[in-house]
Protein chains: 2
Amino acid sequence: MAEVQLQTQTRADEAFDCLQTAIVKGDLAPGEKIGEVELCSRFNLTRGPLREALGRLESRGLLVRRPHAGVKVVSVSADELIELYRIREVMEGLAARQAAERMTDEEIRDLLATLDSHEAMIEEAQGQAYYQAEGDYDFHHRIATGSRNTKLAQMLLGDLYYMVRMYRYRLSTSAGRPHMALGEHRSIVEAIAQRDGELAEFLMKRHINAARQNIEKKIQEGVLTI
Amino acid sequence: MAEVQLQTQTRADEAFDCLQTAIVKGDLAPGEKIGEVELCSRFNLTRGPLREALGRLESRGLLVRRPHAGVKVVSVSADELIELYRIREVMEGLAARQAAERMTDEEIRDLLATLDSHEAMIEEAQGQAYYQAEGDYDFHHRIATGSRNTKLAQMLLGDLYYMVRMYRYRLSTSAGRPHMALGEHRSIVEAIAQRDGELAEFLMKRHINAARQNIEKKIQEGVLTI
DNA sequence: GCAAGGTGTATTGTTGACAATCCGGCTATT
DNA sequence: AATAGCCGGATTGTCAACAATACACCTTGC
């Protein structure tokens, strides 16, 4: 890890970031029980800041903690993953609607530009699920912040996405889905550009619905085990 | 505060609960800057557990913290309060739909019973906004847990409701609104009892929409200053 | 041979002291 | 007189040692 970061941020923040990315990236597997001292040596910090970070992560639902028994990474069942997408559907629908009402013209131009770069990424890194996931994340990230709804963005970016990303990394997207998703992204942005909030909401909900069904199918096929 | 609580819960949990209720009840006013040592003496605990609790509260958005500068209770602007209700609208709509699909018959009976008690409370404690708010909270609480959507319930109960309640306590409900709200609650439960998820979602969204408009009107009238 | 109880160790929870940083008031200079 | 720089006090961030609890293993009795 970077030894010298911006000193304006405290050790606890550092610990928080490290742990969060470690969980999301899968370095700390779901269900894995982790000891405090082990984490301390691993990230070069003491138990004080670590415990503070642990508290934050628990509050966000990425860890579960039993008093005196230790802390372990949360493990999401298949059903719960589906439920996550149901939540995303309504929340991101709202985000899209508000983004259509409030994004600046410049932000919309930027959004379009990123879509182009995503397309290039898909062509280039064919089958590289990682980059596709990152592009997808970038898109949804921009919509969330574009909604100008502080709490909504906070809940999406600080809560839901981390949990979704935990599993998206090991979710090989099915063939053809990236192209389809990109098309859906384009129509959403189009609706936003036309300031049609209602349509943007509808399209976003359908987009996430499709993603959910894609995952559901895979789980039923047994391709994906959680 | 209760000196001897259930010993199965740690000091940090205790601190967390104390602070959370203190913030919600208004004992710690929004925008108020609070020192760590002061809190320690106030709740009879040391800075270690306190800081852990502070971290959790910050992560939930009830506090804002600037490094080395202290921690202060979050203050929500009028616009942000409105935004909160927009989020509630979609999330509780989802909760109502899923509750209609998943609540047990017994839970629905209980829910009906609580509505009756709410009605009695309104009649009795006429104008006592506090009890009305508590009844309202109870209703929404049951729907959220009835959705059987762990994360959804967690986000509603652990995040949004605390922020809403912060301000609901000082929001004198307008005359006649409690009766109207109760009627809306009844129709929602009716839809749930008939397992009509779509209708339940629609009614819940309209219910929260009405509450939002009520608040918006008051803010515009200048009756309510935040 | 199996189960129940007790003990020991390792891990977590807590505490108090130490170091780093920021805020307010003061002085001095332009 | 106003502003820039500085200094003291207070507060936050961090650390290392102490106490309490739970889990695992072992012993002992049936």
Side-chain angles (χ1 to χ4, degrees), chain A residues 1-20 22-23 28-75, chain B residues 1-20 22-23 28-75:
Chain A
M1 300 299 126
E3 202 68 59
V4 174
Q5 286 202 346
L6 291 178
Q7 282 300 354
T8 155
Q9 98 180 324
T10 174
R11 292 284 253 216
D13 293 329
E14 206 178 317
F16 181 74
D17 290 338
C18 285
L19 283 182
Q20 196 167 34
I23 291 174
L28 268 49
E32 186 176 344
K33 186 166 154 292
I34 47 185
E36 292 187 0
V37 284
E38 185 199 331
L39 290 177
C40 288
S41 61
R42 192 156 159 185
F43 295 113
N44 272 68
L45 31 88
T46 53
R47 286 182 54 213
L50 180 86
R51 284 182 63 83
E52 201 182 313
L54 252 41
R56 284 196 238 179
L57 288 169
E58 185 200 11
S59 178
R60 292 205 178 179
L62 262 67
L63 296 179
V64 289
R65 193 138 64 137
R66 257 189 15 213
H68 300 279
V71 48
K72 71 182 207 286
V73 181
V74 75
S75 73
Chain B
M1 301 300 126
E3 201 67 58
V4 174
Q5 288 200 346
L6 290 178
Q7 282 299 354
T8 154
Q9 101 179 321
T10 175
R11 293 284 256 215
D13 293 329
E14 206 177 317
F16 181 74
D17 290 338
C18 285
L19 284 182
Q20 196 168 33
I23 292 173
L28 268 50
E32 185 176 346
K33 187 166 152 293
I34 47 185
E36 291 187 1
V37 283
E38 186 198 332
L39 290 177
C40 288
S41 60
R42 194 157 158 182
F43 295 114
N44 273 67
L45 34 87
T46 53
R47 285 182 56 214
L50 180 86
R51 283 182 64 83
E52 200 182 313
L54 252 41
R56 285 197 238 177
L57 288 170
E58 186 199 11
S59 177
R60 292 204 178 180
L62 262 66
L63 297 178
V64 289
R65 195 139 61 138
R66 256 189 16 215
H68 301 278
V71 46
K72 70 181 208 284
V73 181
V74 74
S75 74

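Each chain gets a letter, A, B and so on, in the order its sequence line appears, and its residues count up from 1.
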Original post:
Sequence neighbours excluded, which residues qualify as side-chain contact (heavy atoms from CB on, under 4.5 Å) partners of A:Ala53?
Top reply: A:Ala15, A:Phe16
**OP:** Apply the test side-chain contact (heavy atoms from CB on, under 4.5 Å) to residues A:Leu62 and A:Val73: give CA-CA distance (whole Å), side-chain angles for both, the deciding distance (0.1 Å), then the verdict.
**Re:** CA-CA 6 Å; A:Leu62 262 67; A:Val73 181; over 6 Å; no
Original post:
Is there a residue in residues 52-66 of chain B whose heavy atoms reach under 4.0 Å of DNA chain D, and which residues are they?
Top reply: B:Arg65
Subject >> Side-chain heavy atoms of B:Leu50 within contact of B:Glu36, under 4.5 Å >> reply: yes
Among [options], find the nucleotide with the atom closest to the side chain of [X].
X       : options                : result
B:Thr10 : C:dG13, D:dG13, D:dT14 : C:dG13
B:Glu36 : C:dG13, C:dG16, D:dT12 : D:dT12
B:Pro49 : C:dT15, D:dA22, D:dC15 : C:dT15
B:Arg51 : D:dT14, C:dT12, C:dC22 : D:dT14
A:Arg11 : D:dC15, C:dA17, C:dG13 : D:dC15

What is the distance, to the nearest angstrom, from the [atom1] atom on [X] to the [atom2] atom on [N]?
X       : N      : atom1 : atom2 : answer
A:Leu50 : D:dA16 : CG    : C1'   : 15 Å
B:Lys72 : D:dT12 : NZ    : C1'   : 16 Å
A:His68 : D:dA24 : NE2   : C1'   : 18 Å
A:Phe16 : D:dG13 : CZ    : P     : 16 Å
A:Arg47 : C:dG13 : CZ    : C1'   : 7 Å
A:Lys33 : C:dT11 : NZ    : C1'   : 8 Å
A:Asp13 : D:dT14 : CG    : C1'   : 14 Å

**OP:** Output, in order, the C-alpha distance, side-chain angles, deciding distance and verdict of side-chain contact (heavy atoms from CB on, under 4.5 Å) for B:Arg42 and B:Leu28.
**Re:** CA-CA 12 Å; B:Arg42 194 157 158 182; B:Leu28 268 50; 3.3 Å; yes
Original post:
Is a salt bridge present between A:Arg56 and A:Asp17, judged by a nitrogen-to-oxygen distance below 4.0 Å?
Top reply: no
**OP:** Report the residue (B:Gly70 or A:Thr46) whose heavy-atom-nearest nucleotide on DNA chain D is the more 5′ of the two.
**Re:** B:Gly70
**OP:** Just call it for A:Gly48: base, sugar-phosphate, or nothing, with non-hydrogen atoms closer than 4.0 Å on any strand.
**Re:** nothing
**OP:** Grab the two heavy atoms, one from A:Ser41 and one from A:Glu38, that are nearest each other, plus how far apart they are.
**Re:** OG-O, 2.8 Å
Original post:
Can you name the closest pair of heavy atoms from B:Cys40 and B:Arg47 and give their distance?
Top reply: SG-CG, 3.4 Å
